[in-house]
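Before any comments, here is the structure.
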Amino acid sequence: MSAEIKLNDAQKTLVLEALRLSAPPSEAVTLSDEALWRRTSKNRLLGALGMATGVPAFPEVRSLVDPDFLRQAEPTLLASGQFVPLRREADRVLVAVANPWDHAADDYITSRFSECVPVKILTAISSISSVIEMMEGSTGPSRAELDAVVVEEYLAGLPDFDVTQRHEEPIAQLVAGMLAQAIRQHASDVHIKTEKNSFFYVFRVDGDLGLRVEMPMKLRDRVDAFLLNLMRLPPEERSKRPGISGRFTANYYGRAVGIRYERHRTYRGYHVTIRLLDKTHLEARLGMGNLAFDEATLFELEKAMAVPSGIIVMSGPTGSGKSTTLNAMLRQLNRPEDNILTLENPVEDEIPGVTHCDLKDSSEFKPMIASFMRSDPDIIFMGEVRDRESAELAIEAAITGHKVLTTIHTPRASQIIERFQQLGIERWKIAQTLKAACAQRLVKLLCPACRVPQPGVPEHDRRLFFLGDEWATTPVFEHRKEGCAQCHGRGYAGRTALLEILPITPQVGDTLAKGDLSPFEIERAIRRDTGLPSLRDNGLKLLASGKTDLEALRRVLDLTYQQ
Ligand SMILES: [Zn+2]
């Protein structure tokens with residue numbers, strides 16, 4: 001992301017000037033420098049950077065690469081990730097740079113190709129690293145190398161584990177290669193498991209577990225010890241405790257990726273879950289990238305955010321991207337004049353200007369919130385409302401004039417109201433404080449390179465999923481089972497968020513407090529009056545636009561009834 005490049009004040013002023021010139025008139029006139037900067041998408045920032053420096057900007061440069069030329073480049077020089085030479089044409093070398101003011105690329109080209117002139121084009125750091133990744137072969141050691149390992153003492157401490165460097169020690173290289181591959185494929189988790197005759201790891205990508213990668217069984221304890229050592233836990237610990245949690249940081253081409261480690265004992269050994277807290281591939285800005293909600297939903301969300309105090313609740317199952325959306329909201333709400341505190345488990349996305357706190361265990365929740373309330377907060381982000389105590393604390397914070405963002409586990413937005421009631425909160429308190437009830441899902445997107453067109457939805461599926469006759473002739477797409485090289489054989493590439501919102505206006509709050517209507521009836525009334533789309537509506541819209549298929553949709557949404 002362009003935000004990762006370092007600019008001095010003079011350079012920043014130039015880019016801001018260009019941003020203002022290229023922004024829509026409404027934003028250019030009304031927004032402060034800071035708000036303008038914050039609201040700008042990656043591509044617009046890139047464009048502004050190009051405009052300010054006269055270097056042409058390209059969001060994507062992979063198609064410009066000459067692989068043979070790229071292979072001659074020195075990997076160590078490229079590891080900085082700030083530039084990448086793409087191709088040579090006669091006496092010119094095309095080089096992609098992230099920071100047009102940085103001379104490293106010019107120096108590199110002129111020192112290596114004295115007869116050539118560098119021609120610079122501008123692109124995002126993420127685009128540069130994707131080119132560098134492209135030329136990498138397999139980073140793991142061979143099976144023979146692993147079989148030859150002599151099992152002995154565990155390694156000395158590694159505070160920041162560099163997963164893109166070549167390690168001498170085969171176990172280190174095995175774990176580094178596994179993690180680098182997981183980060184590259186945007187995996188959310190890596191599972192390492194032992195079964196009777198099998199020791200393997202497997203990635204979870206876009207919500208699905210992939211193929212198992214087998215490892216030699218005799219390395220089971222060695223891999224375990226290596227991981228424990230990364231978190232500076234002596235191996236004796238594993239026999240003492242049934243469950244072990246920890247953290248470490250992986251260094252991926254100079255970028256720090258937070259990693260949460262969870263290990264528990266199993267009948268045949270252990271099960272380790274490594275969660276990658278790497279959100280850089282998710283464009284966490286409301287209205288953009290993965291969070292490109294429809295205009296009406298986004299507007300209602302912004303309206304709820306503009307209310308000075310009250311609760312905004314995001315619901316959905318685990319892995320539905322609730323915290324990504326709430327973090328994007330925090331980014332938008334983040335102003336120097338507001339004191340923002342978060343209580344999370346774990347902290348996933350650190351925002352400059354926000355005070356993040358992590359919850360070590362659930363007993364800390366109440367004392368932490370109590371301490372928050374004495375810390376003069378304006379906005380509080382509470383990871384999750386899970387019991388009566390946390391529900392009461394959230395409501396109390398909102399009643400006393402704070403803006404509270406939180407999540408709750410319910411499938412539908414209207415069930416948030418029911419859940420609060422079940423947790424013992426009176427209706428009038430919910431009515432007074434709840435400003436927006438939202439539900440979210442992450443749905444897989446079809447790989448655009450290999451999706452398969454279909455003339456319409458077959459009758460059986462139409463009946464099963466309550467789809468009208470018009471779907472018989474609505475052209476849709478399906479994923480290709482065997483996928484292609486671009487999607488690593490999955491048929492899908494990335495996910496997008498679907499969001500439904502129930503704005504609780506004073507009138508709706510009034511109806512809610514009176515208790516004449518059930519939450520579901522209130523939801524129906526809100527939809528009737530506002531025309532706001534439900535999760536189902538948004539999902540079907542995505543299906544009709546060819547971006548997802550019914551298979552991906554039915555996995556995250558109950559489509560078997562009409563809402
Ligand atoms: Zn594909």
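Computed from heavy atoms alone, side chains included, the values below leave out hydrogens, waters and symmetry copies. Note that ligands are numbered from 1 as they come in the structure, with each ligand's atoms numbered from 1 the same way.
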I'd like to know if the side chain of Thr194 and the backbone of Tyr270 have a donor-acceptor N/O pair within less than 3.5 Å.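 Yes: the side chain of Thr194 pairs with the backbone of Tyr270.
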Listing residue and atom name, which protein N/O/S atoms are closer to the Zn ion (ligand 1) than 2.8 Å?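 Cys447 SG, Cys450 SG, Cys484 SG, Cys487 SG, with waters left out.
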What salt bridge (charged side-chain N to carboxylate O under 4.0 Å, His left out) pairs are there with at least one residue in residues 541-550, not counting sequence neighbours?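 Listed once each, the pairs would be none.
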Look at Arg490 together with Asp206 and state whether they make a salt bridge at an N to O cut-off of under 4.0 Å.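 Looking at Asp206 together with Arg490, the answer is yes, because their closest N to O distance falls below 4.0 Å.
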Only counting residues at least two apart or in another chain, list the ones meeting side chain to side chain donor-acceptor pair (under 3.5 Å) with His271.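 Applying side chain to side chain donor-acceptor pair (under 3.5 Å) to His271 gives His191, His264, Thr273.
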Would you please name every residue forming a side chain to side chain donor-acceptor pair (under 3.5 Å) with Thr297, sequence neighbours left out?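 With neighbours one apart ignored, the set is Asp294.
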Quiz item: cation-pi between Arg220 and Phe199, 6.0 Å / 45°: no
